[in-house]
Amino acid sequence: MAEIFGEIKKIAYEGPGSRNPLSFKHYDPERVVAGKSMREHLPFAMAWWHNLCYCGQDMFGSITMDKSFGAQPGIMTHAYSKVDAGFEFMQKLGIDYFCFHDTDLIPEACDINETNARLDELSDYIIKKMQETGIRCLWGTANMFSSPRYLSGAGSSNSADVFAFAAAQVKKALDLTVKLGGRGYVFWGGREGYETLLNTDVKFEQENVAYLMKMAVAYGRKIGFSGDFYIEPKPKEPMKHQYDFDAATSIGFLKQHGLEKDFKLNIESNHATLAGHTFQHELHIASMNGMLGSVDANSGDLLLGWDTDEFPKNVYDATMCMYEILKAGGLSGGLNFDAKNRRASYTHEDMFQAYILGMDTFALGLIKAVALIEDGRIDEFVKERYASFSTGIGAKIRRKETTLEKLADYASEMKSLELPGSGRQEYLESVVNSILFG
Ligand code: XUL
Ligand code: CO
């Protein structure tokens with residue numbers, strides 16, 4: 001078969017000194033770091049939607065990118081050419097996973113039966129490609145936000161028929177995820193949220209969203225899906241108030257509705273910053289609750305208040321991300337580049353360049369996070385900071401052996417109360433800088 005990206009050869013590791021734009025400077029897949037190869041530490045995934053479907057359109061202008069991939073006009077011919085392009089792209093970059101929405105694979109038909117038949121046909125072809133290349137599916141999901149029927153949400157819709165249609169879409173997307181051997185299934189909130197309380201019953205809507213998830217778990221387990229379901233938190237956009245605002249809100253929701261055993265979180269960097277948190281904060285909250293499942297590796301722009309879905313380039317953020325992932329013992333999911341080229345970067349080469357940037361950024365993040373952990377000064381300081389809880393009254397508090405009365409007696413006998421030990425933030429920040437820059 002003729003190559004689609006014929007002008008681009010397989011991307012090789014050439015080291016930090018290389019000036020070849022089509023080479024990795026830091027991502028060396030077989031290099032072993034902290035006992036595992038970089039490839040194992042960094043289960044990179046290609047996002048079908050941004051890489052193979054997004055053509056550069058924005059609110060003010062039309063497409064700038066040609067993603068026809070040589071297809072003749074025709075619905076399924078283009079769907080097939082996207083599969084060919086995607087697999088060639090992943091092979092040339094050495095990416096082991098992909099993620100998809102149902103409607104990324106094929107355009108929807110007017111009749112759901114026809115849509116499902118298209119999905120069945122195309123997924124047979126994807127399986128063939130997976131067998132030929134060894135590339136796997138990280139996670140699948142259903143697009144329940146683009147179609148006009150979801151104008152008021154899917155699980156949170158005011159229309160029972162729309163709710164039922166959404167359930168049918170989830171069922172099919174789960175069938176596909178299982179067929180393709182996906183590790184996970186994602187619920188990103190889409191339009192599950194609201195614009196005004198003047199027309200919204202939040203409790204009613206959230207109960208319905210939870211019920212849709214419950215039915216998804218029941219069906220998924222019935223058809224042999226043994227992976228994790230994920231909620232992908234996001235605070236706003238498209239809705240003003242999204243129900244899955246951030247990690248803490250989503251965990252509360254999952255626990256409230258008894259979903260916490262089947263669900264983990266898919267943390268996206270750009271969503272974290274939109275919620276007013278750092279990427280590391282969101283990863284940390286998920287991790288300390290045993291719910292860090294997967295990551296949408298991208299980056300926002302702190303000067304812009306919306307989801308820009310840029311490729312990761314900030315080594316500091318990638319380091320703190322990998323720090324949390326390493327401390328959590330790795331990911332059961334992966335690192336999905338939910339990111340798109342800027343509108344003016346419209347060539348095929350730009351598509352490769354974007355992934356090289358993202359993969360090199362995470363490779364550096366991994367190397368630096370391992371160094372930070374091996375250095376030990378941060379861990380040591382945090383431990384020392386809470387040392388007053390290791391002995392005496394502190395130890396009793398930790399063992400939950402005190403009462404307010406006992407502590408009041410203890411306080412009344414204090415001769416003086418010293419300030420807590422210094423937080424030493426600036427010192428710790430300079431430790432991080434010294435690990436990053438020598
Ligand atoms: C939207 C977003 C989605 C999810 C999957 O902001 O991140 O692409 O990752 O639906
Ligand atoms: Co995402």
Side-chain angles (χ1 to χ4, degrees), residues 43-55 57-59 97-105 108 137-147 150 153-156 166 169-170 172-174 176-177 182-193 209 212-213 216 227-247 249-250 263-275 277 279 282-283 286 292-301 304-312 317 321 331 333-341 354 358:
F44 292 129
M46 178 194 77
W48 210 273
W49 53 103
H50 283 319
N51 205 42
L52 304 174
C53 308
Y54 173 68
C55 293
Q57 61 274 34
D58 69 11
M59 279 194 305
Y97 296 92
F98 64 88
C99 300
F100 71 93
H101 300 82
D102 47 1
T103 57
D104 304 334
L105 303 180
E108 265 196 299
C137 172
L138 184 63
W139 53 255
T141 188
N143 177 329
M144 303 197 293
F145 42 91
S146 295
S147 161
Y150 296 127
S156 62
Q169 238 185 293
V170 171
K172 189 66 188 176
L174 270 165
L176 283 172
T177 303
R183 279 195 190 186
Y185 183 87
V186 164
F187 280 91
W188 165 57
R191 292 179 198 273
E192 317 292 30
V209 170
L212 181 59
M213 290 178 176
D228 289 318
F229 288 85
Y230 302 124
I231 280 189
E232 183 180 323
K234 185 176 183 181
K236 57 185 168 192
E237 201 201 11
M239 305 309 278
K240 182 158 65 175
H241 303 273
Q242 298 271 142
Y243 292 141
D244 305 323
F245 188 93
D246 61 1
T249 311
S250 304
F263 273 78
K264 289 196 167 82
L265 300 183
N266 180 37
I267 299 294
E268 176 165 325
S269 170
N270 204 162
H271 297 178
T273 50
L274 285 177
H277 300 308
F279 188 19
E282 287 293 85
L283 294 160
L292 177 55
S294 205
V295 170
D296 270 10
N298 64 9
S299 128
D301 184 323
L304 302 175
W306 61 90
D307 200 9
T308 58
D309 284 340
E310 292 169 42
F311 277 85
D317 285 347
C321 169
L331 291 172
L335 296 162
N336 169 44
F337 288 115
D338 191 355
K340 60 189 184 218
N341 279 98

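Remember, it's 1-based here, ligands and their atoms both numbered in the order they're listed.
- Partners of Asp228 according to the salt bridge (charged side-chain N to carboxylate O under 4.0 Å, His left out) rule, which considers only residues two or more places apart in sequence or in another chain, are Lys264.
- Protein N/O/S atoms closer than 2.8 Å to the Co ion (ligand 2), listed by chain and residue number, are Glu232 OE2, Glu268 OE1, Asp296 OD2, Asp338 OD2.
- Asn51 places no side-chain N or O within donor-acceptor distance of the main-chain N or O of Trp48, the cut-off being under 3.5 Å.
- Checked against the 6.0 Å centroid threshold, Tyr230 and Phe187 do not count as a close aromatic pair.
- The only option from Lys340, Glu268, Glu310 that meets the side chain to side chain donor-acceptor pair (under 3.5 Å) definition with Asn298 turns out to be Glu268.
- Between Trp49 and the options Asn143, Asp338, Asp309, Asp104, a side chain to side chain donor-acceptor pair (under 3.5 Å) holds for only Asp338.
- Between His271 and Phe279, the distance from one ring center to the other does not fall under 6.0 angstrom.
- For Glu108, the side-chain contact (heavy atoms from CB on, under 4.5 Å) partners two or more places apart in sequence, or in a different chain, are Thr103, Thr115, Ser147, Arg149, Phe165.
- Note: Phe145 and Tyr150 fail the aromatic proximity criterion, with ring centroids not under 6.0 Å apart.
- Side-chain atoms of Ser250 come within 3.5 Å of backbone atoms of Asp246 as a donor-acceptor pair (strictly under, hydrogens ignored).
- Under 4.0 Å from any atom of ligand 1, one finds heavy atoms of residues Trp49, His101, Trp139, Trp188, Glu232, Lys234, Glu268, His271, Asp296, Asp307, Asp338.
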